Amino acid sequence: MKNILITGGAGFIGSHVVRLFVTKYPQYKIVNLDALTYAGNLENLKDIDHSSNYFFEKANLLDAPAIESVFDKHQITDVIHLAAESHVDRSIVSPLDFVYTNIIGTVNLLNVARTKWKDDYSKHLFYHISTDEVYGALGDTGLFTETTPYHPNSPYSASKASSDHFVRAYAETYHMKTVVSNCSNNYGPFHFPEKLIPLFINNIITKKPLPVYGDGLYTRDWLYVKDHALAIDLIFHKGKADETYNIGGFNEWRNIDLIKLLCKLMDEKLGRAKGESEQLITYVKDRPGHDRRYAIDATKINKELGWKPTVTFEQGLSETIDWFLQNTEWLDHITSGAYEKYYDSMYSNRV
Ligand code: NAD
Ligand code: TYD
């Protein structure tokens, strides 16, 4: 019997992890702790929120007593920690928000787990979800492995790197059982339209300019979010204590090539003329400190745990576009109000 606390379960990746665990493991109690910031949306979990093994607790990671009472109320046995401020552009504007949630929030959570589990750390797992961005930027060649030195370049990646270090330090110092995974860029249903793929899907639907940063030759490795959730399930159950696993899609794309593929697929699905959406492409001022290339070597998780992505990029992207086209209500709710303000503040001075 496990009572698993999943933090950030109302966000993009967290909602997929919550859904997977609630449906696959009816014997586990799944407790979703989320502050419901701009990125948290309970609509992401509408289909499973009546399940008898699912519980939601609205709480902020900065509120240590609130975390403690959630641990007590649900007798939490394990943690999968996804809650974070997650967008690089926002971290450039407001770095302290990232320090508070990603660093102090993680340490608060570690402290509560350390106190509550002190009788026998070996019976409890603290699983921390991190990003490949902690490794910094690659040149034209090479891949990030689990032993690549940390070299974060943005306030976001610096805050995630710091939280990873705290998790390792708690394993070393207090002998807590921990595991960390560092994943490449995710995409899929419920992705908040501040990140490249959902933002461009939304702009293509509404025929708004597609703001390509810099020369558009930046490279990312893209992974379908459901494959990330499956990797998290595997690592949670089979991963070795105190290890790191890199998760990636073996799927590198230069931004401009990905954007052209997206335009092509969307023209087909929307019944628009060939080449119509590409005309929306607009090169804009670059992101400061923009990492040139990320690429993950996912050999360890493949060899040791047998994980590999289950869908190709073309399949995953096509399913993602279909999802956004079928869930216009979800998109409308998100893109009204505060989102419009965000969009103006982020993009009006880039052109
Ligand atoms: P997201 O921004 O979509 O969701 C974050 C969630 O955390 C939201 O539901 C939000 O309400 C919640 N949250 C934020 N601050 C909180 C606080 N102080 N207290 C409690 N809850 C709070 O993020 P995501 O894209 O789903 O990313 C989830 C995790 O995966 C993050 O840790 C991120 O660093 C990591 N990650 C993301 C990607 C990616 O491509 N999105 C890739 C690798 C790793
Ligand atoms: P993003 O989705 O923000 O993820 P990350 O920066 O964490 O990798 O951005 C992915 C890539 O797309 C990155 O190179 C920045 C670029 N980008 C644009 O060109 N325009 C945009 O409007 C956004 C949001 C991103």
Side-chain angles (χ1 to χ4, degrees), residues 6-18 32-42 44-45 57-63 66-67 80-92 97-98 100-102 104-106 108-109 128-134 137 153-154 156-157 159-160 163-164 181-188 190-200 203 209-223 225 228-229 232 246-248 253-256 258-259 281-287 289-294 296 343 346-347 350:
I6 300 184
T7 70
F12 165 48
I13 302 172
S15 63
H16 288 276
V17 177
V18 166
N32 170 14
L33 181 154
D34 199 296
L36 300 183
T37 68
Y38 78 93
N41 182 357
L42 290 178
N44 297 359
L45 292 164
E57 297 286 352
K58 183 169 189 290
N60 197 303
L61 289 175
L62 296 175
D63 184 352
I67 304 175
I80 305 178
H81 176 36
L82 294 107
E85 288 292 339
S86 68
H87 189 37
V88 173
D89 290 326
R90 289 185 194 255
S91 83
I92 293 165
D97 291 345
F98 288 69
Y100 288 130
T101 286
N102 298 359
I104 298 173
T106 300
N108 276 342
L109 191 61
H128 179 61
I129 306 299
S130 193
T131 166
D132 61 354
E133 303 192 23
V134 298
N153 291 320
S154 72
Y156 164 64
S157 54
S159 67
K160 290 297 290 186
S163 62
D164 294 8
S181 57
N182 298 78
C183 189
S184 62
N185 287 55
N186 286 214
Y187 68 95
F190 303 111
H191 205 178
F192 193 89
E194 63 186 353
K195 310 276 169 54
L196 179 75
I197 290 180
L199 187 139
F200 277 43
N203 285 15
L210 304 176
V212 180
Y213 295 170
D215 61 6
L217 301 179
Y218 294 85
T219 299
R220 298 290 183 264
D221 168 20
W222 294 93
L223 177 67
V225 63
H228 188 191
I232 290 172
N246 279 356
I247 309 169
W253 284 80
R254 292 190 314 181
N255 290 344
I256 193 64
L258 187 163
I259 290 159
I281 290 176
T282 311
Y283 286 89
V284 300
K285 202 159 94 194
D286 209 350
R287 170 188 282 173
H290 198 168
D291 285 332
R292 194 63 170 166
R293 174 171 164 260
Y294 303 141
I296 280 271
Y343 199 89
M346 203 55 89
Y347 290 96
R350 274 197 190 273

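Just follow the structure's listing: the first ligand is 1, and inside any ligand the first atom is 1. Remember, it's a predicted structure, so these values are computed and weren't measured experimentally. One is the number of the first residue; the rest follow in order along the sequence.
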request  = Could you tell me which atoms of ligand 1, counted from 1 in the order shown, lie closer than 4.0 angstrom to a heavy atom of L36?
outcome  = 11 (O)
task = Give yes or no for whether the N/O distance cutoff of 3.5 Å, strictly under, is met between Y156 and ligand 1.
result = yes
message = At less than 4.0 angstrom from any non-hydrogen atom of N185, what atoms of ligand 2 do you find?
response = 4 (O), 5 (P), 8 (O)
remark   = H290 heavy atoms within 4.0 Å reach ligand 2 at atoms 13 (C), 14 (O), 15 (C)
key: Closest candidate by heavy atom, reference atom 12 (C) of ligand 1, pool N44, D34, L82, V17   = D34
request  = Report yes or no: does Y156 have a heavy atom closer than 4.0 Å to ligand 2?
outcome  = no
query = Just checking, any donor-acceptor pair under 3.5 angstrom between side chains of S163 and H128?
reply = yes
ask   = Hey, is ligand 2 close enough to N255 that some N/O pair sits below 3.5 Å?
value = yes
key: ring pair (Phe, Tyr, Trp, His ring centres under 6.0 Å) partners for H191, two or more places apart   = F12
key: Candidate with minimal heavy-atom separation from atom 38 (C) of ligand 1, of I13, V134, T131, V225   = I13
Minimum-distance protein heavy atom relative to atom 2 (O) of ligand 2 = L196 N, 2.8 Å
note = Filtering I232, I104, N186, I197 for the heavy atom nearest atom 40 (O) of ligand 1 leaves N186
task = Compute the shortest N/O to N/O distance between S86 and ligand 1 and return yes if it is under 3.5 Å, no if not.
result = yes
query = Would you say P211 has any N or O atom under 3.5 Å from an N or O of ligand 2, going by distance alone?
reply = yes
request  = Output yes when the distance from some N or O of ligand 1 to some N or O of L61 is under 3.5 Å, and no in every other case.
outcome  = yes
With sequence neighbours excluded, residues passing salt bridge (Lys or Arg N to Asp or Glu O under 4.0 Å) with D63 = none
request  = Could you tell me which atoms of ligand 2, counted from 1 in the order shown, lie closer than 4.0 angstrom to a heavy atom of E194?
outcome  = 24 (C)
inquiry  = Suppose I only count heavy atoms of V88 and a 4.0 Å limit; which atoms of ligand 2 are within that range?
reply    = 6 (O), 7 (O)
